[in-house]
Enquirer: 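So that we are looking at the same thing, I have put the structure below in structure tokens.
We number each residue from 1, following the sequence as shown.
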Amino acid sequence: MRRRGTLRLLAAASVLAAALAATGAAAAKQGSSPSIVVSDGVTQPVFGYADAIRQRVWVDAPFDSDADGVNDKIAMDIMRPKASDNGLTVPVIMDASPYYTTLGRGNESELIADTDGDGLNDRWPLFYDNYFVPRGYAVVLLHMVGTGFSDGCPVTGGTPDNLSAKAGIDWLNGRAVAHDKDGNVVTADWTNGKVGMIGKSYDGTLANATAATGVEGLETIVPISAISSWYDYTRSNGVVTRSNSYPSSLSNTVTNPSRRDHCAAVRAELAATDGDESGDFTPFWVERDYNKDAANVTASVFATHGLQDDNVMPDQFSKWWAALPANTVKKVWLTRTGHIDPFDFRRAEWVRTIHRWFDHELQGVHNDVLTEPAVDIEYGPDEWRTATRWPIDARADVPVRLGEDTPTTAGTLSYGAPSTPNVPDVLQSWTDTPSMSENTAISNPTTVTANRRVFLSPVLTAPVHVSGTPVVRLQASVNATDTNFAGLLVDYGAATQVSRTGDGLRTLATEDCWGEASAADDACYLEVEKRLTTVTQWRVTKGILDAANRNSYAVFEPLVPGLETAFDFPLLPQDYVFPAGHRIGLVVFGSYSGYGSVAEQNRAVITLNVTDSLLDLPVVGGKQALARAGFDKVTPADSIHTEDQEEAVVGDLTDG
């Protein structure tokens, strides 16, 4: 049931829309063609929603994903202003998704629905249709191959998935053929051919994949918590991080139950070729890597990603961001939440910003969206700061030395010159313990244990701002032919953080409304609030490496037992400020239960050469910033009181 405030908001919106629509109607009576109305740098809701034209078409695709001898057809639900049949040409906002009839979209898992049985979609997920159609846009829900009302079979990031939306954009630009339910050829003479793709998770992944084809007509993409490499989503530096046969399992999840038997052979092929037995970067994953094709991107990019996203992890954003052409128009929001849409973590500002973005990129409206800082970063709960670039300017990768521990103290982190020749190596060992949890690894840092090593900075005398990708550089030997290495960067000190439970948000019972409504589709959505937690230790970022993939993720190289070897691996990218009075910690160990579904079971003994090991830390202000924070003063790590914290729960792409 809607609350009174929501009803008042709907009523006010309806009055405004009616007034603006009357203005547009008056212009039409004077003989002018219908056109958008721009005020204060944004389009206004002068077109109807309840009377908008609704269509469903099927686009002929240039592939046959289910090998039945007939090329697939990609379904598209279209909503566009009625005026687009009377001379108004409109751009398209497209959300390509595999979820419209299975898991649904958004915080409320909304599904599409034909409520009156006429073969057209009446219930539309999310707010895009309610908000943008009255402002002179068409909104298209494209059903990824093998899902919804499309035929074929989904292949979890494979070529047919990646070309589904391209086929739709080709049709919108007159380069492909589409039919209605009766088999009649349908043309898109109502559009100007400009398309913006938006979506979260798999939907945003399809936006990345489509942009990587370089398809003409795709003007902008808005990938939200999106994948750029399916290998990095299911593996990490050679370690399998998701359940075996994950691509096959996800394909099954997004396929309508009535078609699952038909697609069984396709799923079997996915399971047989995904390389779970090694975790290596095989041709299967090369096909599913969009970073290698980022040079093809001609669209502008407005990305958002959670810096605490343990589902689609932040390296999916950072690698894509770095790979985009230098002349790409780019904007990004980085949030402290997890796998969350900005409509839920910063709703009013998101709608205001994405409205201006689409107006600028698709309608040609001159507004201020590109004169604002390109980067918004949340450093604490709802504490946002801006920057011109990411990683932040004036950052430098600073080598931080590791120092030995004692029976009663942790090791040390310090900035200084490399070790001098002829200094005896400090060797310290631990045993790989596959059952190690993240919480166990970071707790009680000054207690030396047999399955990890902890290195702590001095108490910081000034904040330390890290922006980018830390890299752990270990010199070590192993008494086996393989093991895993893990690293955790930890903030030790009392703080209030955005919780990792529920990806940092709690859904409320109240609603607010964004756009116009029809009898079958309202514009109101449940509100949310941040989940906050008080901690004395916080995992800032993490990383893991299969030691046998130390030189190549595509080639497995067994270790020589006892031979000291270099093991370099990145932690997940981060933008974080360690406050004054806290300590920075690096915890190194082997396998652990929270990161990697296939842990090494050999319980290898790992011997670290502490003297020759480093942590490359991307510090804003470089070594001078570390010096101001006291890193040039190496002190013994005295006792730190810590408490257990909640463990992160790794989600799944199917969380939406």
Side-chain angles (χ1 to χ4, degrees), residues 223-226 228 232 301-324 330-340 342 345-346 349-350 353 372-398 400 457 460 462-472 487-493 495-500 503-504 530 535 538-543 570-580 582 584-586 615-623 625-626 628-629 648:
I224 301 166
S225 301
S228 60
D232 290 333
V301 178
F302 182 3
T304 80
H305 214 105
L307 291 168
Q308 294 179 180
D309 193 336
D310 282 326
N311 182 347
V312 180
M313 297 187 192
D315 59 337
Q316 297 286 346
F317 151 74
S318 64
K319 292 179 181 180
W320 178 246
W321 188 255
L324 290 169
K330 299 192 295 187
K331 186 175 180 65
V332 65
W333 284 10
L334 299 175
T335 171
R336 294 249 73 83
T337 59
H339 197 60
I340 299 294
F345 67 69
R346 202 185 187 193
E349 183 63 17
W350 174 246
T353 305
E372 297 175 344
V375 180
D376 279 33
I377 304 172
E378 185 182 21
Y379 286 98
D382 297 316
E383 177 200 339
W384 290 86
R385 304 182 204 171
T386 61
T388 56
R389 294 182 182 85
W390 194 87
I392 301 297
D393 284 347
R395 101 187 212 296
D397 291 328
V398 182
V400 175
S457 75
L460 301 179
V464 173
H465 183 180
V466 172
S467 180
T469 302
V471 178
V472 177
L488 301 174
L489 190 65
V490 184
D491 181 355
Y492 288 104
T496 298
Q497 300 283 0
V498 178
S499 172
R500 290 190 170 97
D503 282 309
K530 292 273 175 63
V535 298
W538 189 251
R539 183 262 291 166
V540 175
T541 185
K542 61 183 179 179
L571 306 183
L572 294 172
Q574 186 54 257
D575 205 293
Y576 188 90
V577 176
F578 293 86
H582 287 209
I584 299 173
L586 174 67
L615 167 66
D616 282 352
L617 205 57
V619 179
V620 176
K623 63 182 181 182
L626 287 187
R628 287 193 297 271

Enquirer: Are Asp310 and Arg539 within salt-bridge range, i.e. N to O under 4.0 Å?
Expert: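 Salt bridge present between Asp310 and Arg539.
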
Enquirer: Would you check if Trp321 and Gln316 make a side-chain contact, meaning some heavy-atom pair closer than 4.5 Å?
Expert: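 Result no, sub-4.5 Å side-chain heavy-atom pair not found.
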
Enquirer: If you look at every heavy atom in Ser225 and Gly306, which pair is closest and at what distance?
Expert: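 Smallest heavy-atom distance, with atoms named: OG-N, 4.5 Å.
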
Enquirer: What distance do Arg346 atom CZ and Thr337 atom OG1 have between them, rounded to the nearest 0.5 Å?
Expert: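 Answer rounded to 0.5 Å: 11.5 Å.
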
Enquirer: Can you tell me how far apart CZ (Phe345) and CZ (Arg336) are? Round to the nearest 0.5 Å.
Expert: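 Spacing of CZ (Phe345) from CZ (Arg336) equals 11.5 Å.
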
Enquirer: Can you confirm whether Asp393 sits close enough to Thr388 that some side-chain heavy atom of one is under 4.5 Å from a side-chain heavy atom of the other?
Expert: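 Contact flag for Asp393/Thr388 side chains = yes.
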
Enquirer: Answer whether the closest heavy-atom distance between the side chains of Asp491 and Pro579 falls below 4.5 Å.
Expert: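 Yes, close enough: below the 4.5 Å cut-off.
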
Enquirer: In Å and rounded to the nearest 0.5 Å, what is the OG1 to CG distance from Thr304 to Leu334?
Expert: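 So the OG1 of Thr304 and the CG of Leu334 are separated by 8.5 Å.
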
Enquirer: Among all residues two or more places apart in sequence or in another chain, which pass the side chain to side chain contact (heavy atoms under 4.5 Å, CB included) test with Thr386?
Expert: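 So Thr386 forms a side chain to side chain contact (heavy atoms under 4.5 Å, CB included) with Pro373, Asp376.
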
Enquirer: Mind checking what makes side chain to side chain donor-acceptor pair (under 3.5 Å) contact with Asp616, not counting sequence neighbours?
Expert: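 Applying side chain to side chain donor-acceptor pair (under 3.5 Å) to Asp616 gives Arg473.
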
Enquirer: Determine whether His339 and Asp309 satisfy the following criterion, side-chain hydrogen bond (donor to acceptor under 3.5 Å, both in side chains), listing intermediate values before the conclusion.
Expert: CA-CA 5 Å; His339 197 60; Asp309 193 336; 2.8 Å; yes

Enquirer: Of all residues at least two apart in sequence or in a different chain, which pass the side chain to side chain contact (heavy atoms under 4.5 Å, CB included) check with Ala495?
Expert: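 In terms of side chain to side chain contact (heavy atoms under 4.5 Å, CB included), with neighbours along the sequence ignored, Ala495 is linked to Gln497, His582.
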
Enquirer: Output the distance between atom CG (Leu586) and atom OG (Ser457), rounded to the nearest 0.5 Å.
Expert: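 One finds 11.0 Å between CG of Leu586 and OG of Ser457.
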
Enquirer: Quick one: list whatever passes salt bridge (charged side-chain N to carboxylate O under 4.0 Å, His left out) with Glu372, sequence neighbours left out.
Expert: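 Glu372 satisfies salt bridge (charged side-chain N to carboxylate O under 4.0 Å, His left out) with Lys331, Arg352, Arg356 only.
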
Enquirer: What residues form a ring-ring contact (aromatic ring centres under 6.0 Å, His included) with Phe578, not counting sequence neighbours?
Expert: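 Residues passing ring-ring contact (aromatic ring centres under 6.0 Å, His included) with Phe578: Tyr576.
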
Enquirer: Ser467 vs Asp575, test: side-chain hydrogen bond (donor to acceptor under 3.5 Å, both in side chains). Steps then yes/no.
Expert: CA-CA 4 Å; Ser467 180; Asp575 205 293; 2.6 Å; yes

Enquirer: Looking at every non-hydrogen atom in both residues, tell me the closest pair between Pro314 and Leu572 and how far apart they are.
Expert: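 That would be CD-CD1, 4.2 Å.
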
Enquirer: Nearest 0.5 angstrom please: His305 NE2 to Ile340 CD1, how far?
Expert: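 Reported value, rounded in 0.5 Å steps: 11.5 Å.
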
Enquirer: Could you tell me the separation between the CD1 atom of Ile224 and the OG1 atom of Thr335, rounded to the nearest 0.5 Å?
Expert: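 Here the rounded value is 12.0 Å.
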
Enquirer: Trp350: what forms a ring-ring contact (aromatic ring centres under 6.0 Å, His included) with it, not counting sequence neighbours?
Expert: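 With sequence neighbours excluded, Trp350 shows a ring-ring contact (aromatic ring centres under 6.0 Å, His included) to Phe302, Trp333, given in chain and number order.
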
Enquirer: Would you mind reporting whether Phe317 and Pro223 have side-chain heavy atoms less than 4.5 Å apart?
Expert: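 No, too far: nothing below the 4.5 Å cut-off.
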
Enquirer: Can you name the side chain to side chain contact (heavy atoms under 4.5 Å, CB included) partners of Pro618, sequence neighbours left out?
Expert: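 In terms of side chain to side chain contact (heavy atoms under 4.5 Å, CB included), with neighbours along the sequence ignored, Pro618 is linked to Arg395, Asp397, Val466, Pro470.
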
Enquirer: Between Lys330 and Leu324, is there a side-chain heavy-atom distance shorter than 4.5 Å?
Expert: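 Heavy-atom side-chain distance check passes, below 4.5 Å.
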
Enquirer: Determine the minimum heavy-atom distance between Ile584 and Leu489, stating which atoms define it.
Expert: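 In this case the closest contact between Ile584 and Leu489 is CG2-CD1, 3.8 Å.
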
Enquirer: Lys530: which residues meet the salt bridge (charged side-chain N to carboxylate O under 4.0 Å, His left out) condition with it, sequence neighbours left out?
Expert: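 Testing Lys530 for salt bridge (charged side-chain N to carboxylate O under 4.0 Å, His left out), a comparison that skips the adjacent residues, returns Glu378, Asp382.
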
Enquirer: Could you report the tightest heavy-atom contact between Val472 and Leu571, atom names first, then the distance?
Expert: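 Nearest heavy atoms, Val472 then Leu571: CG2-CD2, 3.8 Å.
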
Enquirer: Applying side-chain contact (heavy atoms from CB on, under 4.5 Å) to Val398 and Leu615, what does each step give before you reach the verdict?
Expert: CA-CA 8 Å; Val398 182; Leu615 167 66; over 6 Å; no

Enquirer: Search all heavy atoms of Pro391 against all heavy atoms of Gly468 and return the closest pair with its distance.
Expert: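 So the two residues come closest at CG-CA, 4.1 Å.
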
Enquirer: List for me each residue that meets side chain to side chain contact (heavy atoms under 4.5 Å, CB included) alongside Arg385, sequence neighbours excluded, and say none if there are none.
Expert: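 Tyr379, Glu383, Val577.
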
Enquirer: Locate the shortest heavy-atom distance separating Ser318 from Trp390; write the atom from each residue and the value.
Expert: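 That would be CB-CZ3, 4.0 Å.
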
Enquirer: Check ring-ring contact (aromatic ring centres under 6.0 Å, His included) between Trp320 and all other residues, then give those that pass, not counting sequence neighbours.
Expert: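 Applying ring-ring contact (aromatic ring centres under 6.0 Å, His included) to Trp320 gives none.
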
Enquirer: Can you list the residues that meet the side chain to side chain donor-acceptor pair (under 3.5 Å) rule with Lys623, with sequence neighbours excluded?
Expert: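 So Lys623 forms no side chain to side chain donor-acceptor pair (under 3.5 Å) with any residue.
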
